[in-house]
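See structure below.
Here, residue 1 is the first one in the sequence, and each next residue gets the next number.
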Amino acid sequence: MKPVISSTGLWTPTDAISNDELVLAFNAYVDLWNSENATAIEAGEKQALDHSNAEFIEKASGIKSRFVISKAPILDPTIMSPIIPKRDNNEISILAEIAAKAAQDALKNAGRKAEDVDAVIVACSNLQRAYPAIAIEVQQALGATGFAFDMNVACSSATFGIETARGLIMAGQAKSVLVCNPEICSAHLNFKDRDSHFIFGDVATATLVESDDIAPKAHWEIIGSKLVTEFSNNIRNNFGFLNRLAKDEVADESLESKGLTDKLFVQNGRSVFKEVVPMVAQLITDEMQKNGLDSTQIKRLWLHQANLSMNILISKKVMGKDVDISQAPVVLDEYANTSSAGSIIAFHKHSSDFEKDDIGLICSFGAGYSAGVIFIKKCA
Ligand code: CO8
């Protein structure tokens with residue numbers, strides 16, 4: 001049983017929000033908030049909020065636009081969040097629905113029938129509910145067999161999911177495993193937070209990991225991989241089922257004074273940048289060495305899509321020279337940060353030119369901290 005990657009799939013929402021649209025809405029919200037809190041601001045009890053800026057966003061992050069599931073309410077200064085209506089328990093849940101769409105694309109790209117899939121993993125940053133597992137719903141929606149379960153390693157969920165699938169295949173538990181990364185990041189992003197309102201977008205990806213004896217001829221051999229985690233509070237979301245029990249909980253004052261909450265995405269972006277870049281570069285370099293690979297053998301780096309400068313720096317450290325950005329393809333300009341899906345979108349959209357024996361690496365990194373790298377070689 002040799003696990004390989006047979007195909008990938010992608011589902012993209014139809015609506016997108018440009019930086020200009022996002023900033024216009026944010027600034028209208030700020031003006032509203034400042035006028036509503038004018039007395040407290042004047043008394044020094046609250047700090048006036050500052051406007052956002054589209055040029056800053058593109059310069060600091062490389063992001064120009066993002067796809068979202070629910071556009072209009074995000075841009076309404078009196079709402080500032082997506083609105084996703086509750087569905088009946090008998091309807092498919094939204095996370096399962098978008099995961100299934102990406103999965104169907106991956107199945108089509110491999111020429112595989114859903115009933116031949118014998119495991120489904122949903123690996124993403126935030127799950128819509130505790131149970132039953134979203135993955136079991138996807139399994140049912142597709143008509144797959146075997147078993148299914150959810151897992152969460154934030155932005156690294158895709159590589160951790162692929163590695164989990166690989167382990168299941170090697171253990172003889174399954175032969176055809178769908179790893180789905182449905183990311184409704186807009187639902188856990190605070191659109192009222194100037195520091196982060198521009199960072200995320202919605203999308204779903206899927207990767208079909210299979211035993212090589214059943215995989216299509218033009219599959220991707222996994223020639224090396226490594227996962228790593230190191231605890232950090234620099235990217236955190238405190239939402240959880242214990243929230244309602246902490247009745248006298250003291251809110252984080254630094255957030256509260258700005259009308260924000262720690263029950264959505266909060267990060268110290270500067271520290272993340274500084275700490276994660278060396279961690280990831282070291283992980284990739286060490287693994288290259290362990291697998292007897294030279295940087296000249298790496299045709300492409302499909303990196304996590306959080307920040308353009310981060311990817312330029314990581315690529316430079318790994319390759320030992322300035323890297324033409326086509327060697328580390330960018331999708332965050334169009335998609336923004338899509339958490340676990342980012343590196344898979346880059347791989348999905350920028351791998352069709354690979355020929356037999358060409359080597360590339362998929363690398364994801366993010367909250368935890370967590371990072372995973374998978375070296376793959378095109379077969380046929
Ligand atoms: N408009 C104008 N000015 C701004 C804005 C804005 N929107 N935001 C901040 N500024 C100002 C600041 O106030 C600051 O001003 P001053 O210098 O006067 O204090 C100045 O701009 C610089 O601010 P920063 O230092 O914060 O700006 P950076 O250059 O560091 O850029 C970034 C900010 C883009 C956030 C950058 O730090 C970054 O990308 N860091 C890496 C972050 C990262 O990779 N995070 C990964 C998280 S993803 C993950 O793991 C998944 C989590 C789960 C998913 C959650 C889904 C919602």
Side-chain angles (χ1 to χ4, degrees), residues 3 5-15 67-70 82-153 157-166 168-169 173-188 201-211 214-216 335 338-342 344-345 347-348:
I5 293 179
S6 289
S7 66
T8 51
L10 173 66
W11 175 81
T12 304
T14 43
D15 284 340
F67 291 98
V68 291
I69 282 176
S70 164
I83 292 181
I84 300 173
K86 187 175 182 313
R87 293 184 178 184
D88 187 86
N89 283 357
N90 295 318
E91 289 177 88
I92 187 166
S93 57
I94 182 127
L95 205 66
E97 181 183 305
I98 67 170
K101 283 179 179 165
Q104 273 152 350
D105 190 36
L107 291 174
K108 186 186 80 201
N109 292 335
R112 171 81 50 237
K113 286 197 196 110
E115 57 263 34
D116 297 331
V117 171
D118 50 7
V120 177
I121 301 172
V122 165
C124 63
S125 269
N126 264 6
L127 292 155
Q128 138 166 31
R129 60 169 182 259
Y131 43 82
I134 300 292
I136 304 177
E137 209 181 347
V138 175
Q139 177 195 23
Q140 187 197 42
L142 295 173
T145 60
F147 60 95
F149 60 91
D150 296 339
M151 56 183 278
N152 174 0
V153 200
S157 296
T159 49
F160 278 64
I162 291 169
E163 273 302 279
T164 305
R166 205 156 81 98
L168 291 170
I169 291 169
Q173 289 283 355
K175 286 195 91 164
S176 178
V177 186
L178 263 170
V179 182
C180 306
N181 320 111
E183 291 289 9
I184 309 182
C185 296
S186 64
H188 42 118
D202 303 333
V203 82
T205 53
T207 306
L208 185 62
V209 186
E210 299 190 307
S211 175
I214 62 159
Y335 280 85
T338 49
S339 195
S340 64
I344 304 299
I345 306 173
F347 173 49
H348 180 82

Practice problem: State, without any angle test, whether Ser125 and Ser339 hold a side-chain donor-acceptor pair at a distance under 3.5 Å. | Solution: yes
Quiz item: So, for Ala165 and Ile121, which heavy atoms are closest and what is the spacing to 0.1 Å?
Solution: N-CD1, 4.0 Å
Practice problem: Kindly say whether Leu95 contributes a backbone atom to a donor-acceptor pair with the side chain of Gln128 at under 3.5 angstrom? | Solution: yes
Quiz prompt | Leu208 side, atom CG; Asp116 side, atom CG - distance, nearest 0.5 Å | solution = 10.0 Å
Quiz prompt | Shortest non-hydrogen separation from Ile169 to Val209 and the atoms involved | solution = CD1-O, 3.4 Å
Practice problem: Would you indicate whether the side-chain heavy atoms of His348 and Thr205 approach each other to under 4.5 Å? | Solution: no
Exercise. Mind listing the closest non-hydrogen atom pair of Val203 and Ala341 along with its distance?
Key: CG1-CB, 3.4 Å
Quiz item: Rounded to the nearest 0.5 Å, what separation is found between the OG atom of Ser157 and the CD atom of Glu183?
Solution: 6.5 Å
Quiz item: Please, which pairs that meet salt bridge (charged side-chain N to carboxylate O under 4.0 Å, His left out) have at least one residue in residues 93-104, sequence neighbours excluded?
Solution: Arg87-Glu97, Glu97-Lys101
Quiz item: Pairs in or reaching into residues 140-152: which pass side chain to side chain donor-acceptor pair (under 3.5 Å), with residues at least two apart or in two chains?
Solution: none
Quiz item: Any donor-acceptor pair under 3.5 Å linking the side chain of Asp118 with the backbone of Ala174?
Solution: no
Exercise. Rounded to the nearest 0.5 Å, what's the gap from CG on Asn109 to OG1 on Thr207? Could you check?
Key: 11.0 Å
Quiz item: Looking at side-chain heavy atoms only, is the closest gap between Ser186 and Ile184 below 4.5 Å?
Solution: yes
Quiz item: Do the non-hydrogen side-chain atoms of Phe67 and Asp15 ever get within less than 4.5 Å of each other?
Solution: no
Quiz prompt | Of all pairs that satisfy salt bridge (charged side-chain N to carboxylate O under 4.0 Å, His left out), the ones with a partner from residues 128-148, not counting sequence neighbours | solution = Arg129-Glu137
Practice problem: Using side-chain contact (heavy atoms from CB on, under 4.5 Å) as the criterion, list what pairs up with Ile136, not counting sequence neighbours. | Solution: Ala133, Gln139, Ala148
Quiz prompt | Heavy-atom side-chain proximity of Ser176 to Ile214 below 4.5 angstrom | solution = yes
Quiz prompt | Residue list, side-chain contact (heavy atoms from CB on, under 4.5 Å) with Asp88, at least two apart or on another chain | solution = Asn90, Glu91
Quiz item: Quick check: does any side chain N or O of Asp202 sit under 3.5 Å from a backbone N or O of Cys185, one acting as donor and the other as acceptor?
Solution: yes
Practice problem: Identify the heavy atoms of Ala215 and Glu210 that sit nearest to each other, and give their distance. | Solution: CA-OE1, 3.7 Å
Exercise. Please name the pair of heavy atoms, one in Val120 and one in Ala135, separated by the smallest distance, quoted to 0.1 Å.
Key: O-CB, 3.7 Å
Self-check item: Smallest separation among heavy atoms of Ser7 and Ala106, with atom names
Solution: OG-O, 2.6 Å
Quiz prompt | Distance, nearest 0.5 Å, that separates CD1 of Ile345 from OG1 of Thr8 | solution = 10.5 Å
Quiz prompt | Donor-acceptor contact present, side-chain Ser70 to main-chain Ile83, <3.5 Å | solution = yes
Self-check item: Approximate separation, where rounding is to 0.5 Å, of Glu115 CD and Leu107 CG
Solution: 9.5 Å
Quiz prompt | Side-chain heavy atoms of Pro13 within contact of Val68, under 4.5 Å | solution = no
Quiz item: If you round to the nearest 0.5 Å, how far is CD1 of Ile84 from OG of Ser93?
Solution: 11.0 Å
Quiz prompt | Set of side-chain contact (heavy atoms from CB on, under 4.5 Å) partners for Ala103, sequence neighbours left out | solution = Leu142, Leu178, Cys180, Ala206
Quiz item: Hey, does Pro82 have a side-chain heavy atom less than 4.5 Å from the side chain of Ile69?
Solution: no
